[in-house]
Student: 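Dropping a structure here in structure tokens format, bear with me for questions.
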Amino acid sequence: MELLKKLCNIPGTSGAEKAVTDFLLQFINKEKKDWKQEPEIWVGEGFQDNLVLIFGKPKVAFYAHLDTVGYTVRYDNYVIPIGGTDGRTGDSLVFEKEGKTLETRLVCEEENDLYLVDAHLPITPGTTLTYKPNFILENEYIKSPYLDDRLGVWALLQMAAEAENLALVFTTYEEHGGGAAGYIARLLFEKHKVSKSIITDVTWVTNGVHFGKGPAISLRDSRIPRKAFVDEIRQLAKKAGIPFQLEVESHGRSDGKEIQNLPYPIDWVFVGPPTENPHTALETVHKTDVDLFVKLLLVLARI
Amino acid sequence: MELLKKLCNIPGTSGAEKAVTDFLLQFINKEKKDWKQEPEIWVGEGFQDNLVLIFGKPKVAFYAHLDTVGYTVRYDNYVIPIGGTDGRTGDSLVFEKEGKTLETRLVCEEENDLYLVDAHLPITPGTTLTYKPNFILENEYIKSPYLDDRLGVWALLQMAAEAENLALVFTTYEEHGGGAAGYIARLLFEKHKVSKSIITDVTWVTNGVHFGKGPAISLRDSRIPRKAFVDEIRQLAKKAGIPFQLEVESHGRSDGKEIQNLPYPIDWVFVGPPTENPHTALETVHKTDVDLFVKLLLVLARI
Amino acid sequence: MELLKKLCNIPGTSGAEKAVTDFLLQFINKEKKDWKQEPEIWVGEGFQDNLVLIFGKPKVAFYAHLDTVGYTVRYDNYVIPIGGTDGRTGDSLVFEKEGKTLETRLVCEEENDLYLVDAHLPITPGTTLTYKPNFILENEYIKSPYLDDRLGVWALLQMAAEAENLALVFTTYEEHGGGAAGYIARLLFEKHKVSKSIITDVTWVTNGVHFGKGPAISLRDSRIPRKAFVDEIRQLAKKAGIPFQLEVESHGRSDGKEIQNLPYPIDWVFVGPPTENPHTALETVHKTDVDLFVKLLLVLARI
């Protein structure tokens, strides 16, 4: 869990993911010699801040997003959200100033639906604020800001050692506006004919999806993946005997939406453990679900 | 009208269109020997559940969508809409269970804006519900669920016998999220330089568009097609002496939106007969409009 | 300012930009012999109503949009907006009828949130209405309908005389639905590897952006440009000593959104002077901001 903790602690809101990309690249370059197959790495010039690992001749791509929600300072210390941030008065937020990490607190003016930060000095407009790191292992739970989707990033890294003929895709901009997953999906389709995508991200505990019963395979969120492909994934999971839950939602969206709307015939499905308190300063996930999530991904890797 | 009835009766919500695609393919393979020109068929692997007929060297493409609105069962027999379904308490809905077609009824909890189905036993989450077939010919009207857009599909099939140098495109996902028409439009542009698209779908009776006065040519819905192309289509219809109506709407959208937003220079226009009760269990269209709709398409085929 | 006045006076709502394109083409063909480098012109067949000037081997592209907001006549002289038009009761609107320009006035039925025009005779449904030309130079201000974005178009033309190794892009559909900037951005990327885009358009006077303090460089609107690229642009402006303002917004969007969502790795940033009364019959901009806007663009041309 040390790696997951490190990942959760790196600031990287949509549009400003470079520190996470750099961390990953360093980690990968250190570890890859011990992997069964050394991947081709797509990174840097021509890839914006995305990162892709190509193992062999990929037949399937797994996506996790690097970016997180947060806030941008507007004027007079008022802030506006990046993605669907769900901050509360009193949340500790951090930001960079001249190379130093400073801290402030969120204040919600409920009557005006405005958010600002409690600071004696004005913070420069455009400054990005993120939840203060706070990684907690507690009984059966992992709690931290930014399990969404550093947990998916971490899970994909668990796949790397044994990976063959697949792509691991680390995308940007998922939380705010999109525009990255589609680019990588197009490249993978054009260069390697990859038409199968597994979106790995956290989802929600609801009245139909519970803690400890395994990762959810989503039958739909605001978008509906193609039935034929979802059925294939369900069959694989069932055959392998991995416990999982079926999710049916009318809202929410993932990098799957990007891929769906691309003018290329690429299938997608969403897989991920449920969380409580999404987009808050302390997202929560159950260890059993995390464990089964990785097991399921290893099964789907052999699609 | 037997063919239209059959088409309206096949369940096929967005993401689950395969049964309609299969029916079409079978129909086409049986009929094509009698057509003036035998089309190339794009279907199956690499096309998801879309189907395209390429006649000769196409200069224009006609689009109709295969998918319909409906419901997905969530948890505890509550349901969520697929597309903009406009169901009412008491509507008969059908679904598949272990190869059998079962029936249930819709209940609207108006106070909570929630929909559920009236069933003694829980229906498996993820099950798709569609309006029970109910095709009625009554005086000058055709009434049925899913005239939207099985009528467009049927109309395109009326064009097949005489088709030359055009494409007939049967798309998926129009009602929910999109993602298919754009793919086909890109392929047609790249392979055949097709830059003219006619979207055939039903529209609405309004204070400006009436039953029995011919199909509507839409000057705009939520999207605005390029004036130069719409003017060309209007001229062709006028010259041929086919009665039609001009539609001007601020809302609604069609596969034209997909094509508009594609990064390729492809024009589109929407053509279709007006209906009453859109997206309900009994959509209504006027026979005269249907007749003139097909006549207009045959004129536009010679663009 | 004569050229800007002429540009502001040409009707050209989204989808009906051809008159502006034609005016530009005529202007360019007349002037280009005096330019340092004669551009390749992309216009006409295959470009819809967009226009692009390619100078040398472009390393960066500057975008301004040709289209404006306005109204479409629906039925019974009621009208619906094109883009986010902000008309008021009494606004003078013009339209074409049989080659003549006619005038009418806007009436807002506030209780129903409906807009109509005050005309004795019905105006043909589908007719496009635009604000009556009204270009005013007043002290330090320029006032006119459609400074958005004819000012950007004008500014790009100021760059043409000295332009080398860049593209000037005049797009359509920015105000309503999009679909053009993405196409040109894709072509520029595929043909010339252009991955840097400067969106030139007007923005808003707010509590953080003021008249007379220079053009705004936007750190975000509803979309967030990539930090690395925005930082590069800020550095260039700073180094050149051009006064500018930093903008941080949660809403609004530009052709940058199109480019962001394209499945190609193209960076974008928004640059433009602030205006008051956006999308009304009399938008206002400060002359100092216009002057510094052009100066900034000339600096960014040497990126």
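Reminder, nothing fancy here: chain letters follow the sequence lines and each chain counts from 1. Bear in mind that the values here come from a model prediction, so they are computed numbers and not experimental data.
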Student: Under 4.5 Å from any heavy atom of chain A, what part of B:P81 do you find: side chain, backbone, both or neither?
Tutor: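 For B:P81, the backbone is the part near chain A, not the side chain.
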Student: Compare all side-chain heavy atoms of B:F189 with those of B:L262 and state whether any distance is below 4.5 angstrom.
Tutor: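 Not touching, per the 4.5 Å side-chain cut-off.
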Student: Within the structure provided, determine whether A:I266 and A:V194 are in side-chain contact (heavy-atom separation under 4.5 Å).
Tutor: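 Answer no - side chains too far apart.
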Student: Does any heavy atom of chain A fall under 4.5 Å from the side chain of B:I184, the backbone, both, or neither of them?
Tutor: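 Neither part.
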Student: Could you walk me through whether B:L66 and B:L24 pass the side-chain contact (heavy atoms from CB on, under 4.5 Å) check?
Tutor: CA-CA 10 Å; B:L66 298 172; B:L24 274 189; 3.5 Å; yes
Student: For B:V73 and B:V79, run side-chain contact (heavy atoms from CB on, under 4.5 Å): C-alpha distance rounded to whole Å, both residues' side-chain angles, the deciding distance at 0.1 Å, then the answer.
Tutor: CA-CA 4 Å; B:V73 177; B:V79 302; 4.2 Å; yes
Student: For the CZ atom of B:F170 and the CG atom of B:L25, what is their distance to the nearest 0.5 Å?
Tutor: 11.0 Å
Student: Check every N and O of chain A against chain B and note each donor-acceptor pair under 3.5 Å, with its distance.
Tutor:
| from | atom 1 | to | atom 2 | distance (Å) |
| --- | --- | --- | --- | --- |
| A:R220 | NH1 | B:T72 | OG1 | 2.8 |
| A:R220 | NH1 | B:P81 | O | 3.0 |
| A:R220 | NH2 | B:P81 | O | 3.1 |
| A:S222 | O | B:H176 | NE2 | 2.6 |
| A:R223 | NH1 | B:G177 | O | 2.7 |
| A:I224 | O | B:Y173 | OH | 2.7 |
| A:R226 | N | B:Y173 | OH | 3.0 |
| A:R226 | NH1 | B:D49 | OD1 | 3.1 |
| A:R226 | NH1 | B:D49 | OD2 | 3.3 |
| A:K227 | N | B:G15 | O | 3.0 |
| A:V248 | N | B:Y75 | OH | 3.0 |
| A:V248 | O | B:R74 | NE | 2.9 |
| A:E249 | OE1 | B:R74 | NH2 | 3.3 |
| A:E249 | OE2 | B:R74 | NH2 | 2.7 |
| A:Q260 | NE2 | B:G178 | O | 3.0 |
| A:P263 | O | B:R186 | NE | 2.8 |
| A:P263 | O | B:R186 | NH2 | 3.2 |
| A:I266 | O | B:Q48 | NE2 | 3.4 |
| A:D267 | OD1 | B:Q48 | NE2 | 3.2 |

Student: Of the listed residues (B:G177, B:A16, B:G182), which shares the most heavy-atom pairs with chain A below a 4.5 Å separation?
Tutor: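 Sorted descending by pairs with chain A, the first entry is B:G177.
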Student: Under the side chain to side chain contact (heavy atoms under 4.5 Å, CB included) test, which residues partner A:E140, sequence neighbours left out?
Tutor: A:H286
Student: Side-chain contact test, heavy atoms from C-beta onward, threshold under 4.5 Å: evaluate it for B:L106 versus B:L129 and give yes or no.
Tutor: no
Student: Answer yes or no: is there a side-chain heavy-atom contact under 4.5 Å between B:I198 and B:F229?
Tutor: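 Sidechains of B:F229 and B:I198: in contact.
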Student: Is the shortest heavy-atom distance from the side chain of B:I41 to the side chain of B:L53 under 4.5 Å?
Tutor: yes
Student: How about A:T284 and A:T275: do any of their side-chain heavy atoms sit closer than 4.5 Å?
Tutor: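 Not touching, per the 4.5 Å side-chain cut-off.
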Student: Out of A:I259, A:I224, A:L219, which one racks up the most heavy-atom pairs below 4.5 Å with chain B?
Tutor: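 Ranked by contacts with chain B, first place is A:I224.
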Student: Report, by ascending residue number, the residues of residues 289-303 of chain A in heavy-atom contact with chain B at a distance under 4.5 Å; give 'none' if the set is empty.
Tutor: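 The residues closer than 4.5 Å to chain B amount to none at all.
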Student: Calculate, to the nearest 0.5 Å, the distance between atoms CG and CG belonging to B:L168 and B:L156 respectively.
Tutor: 4.5 Å
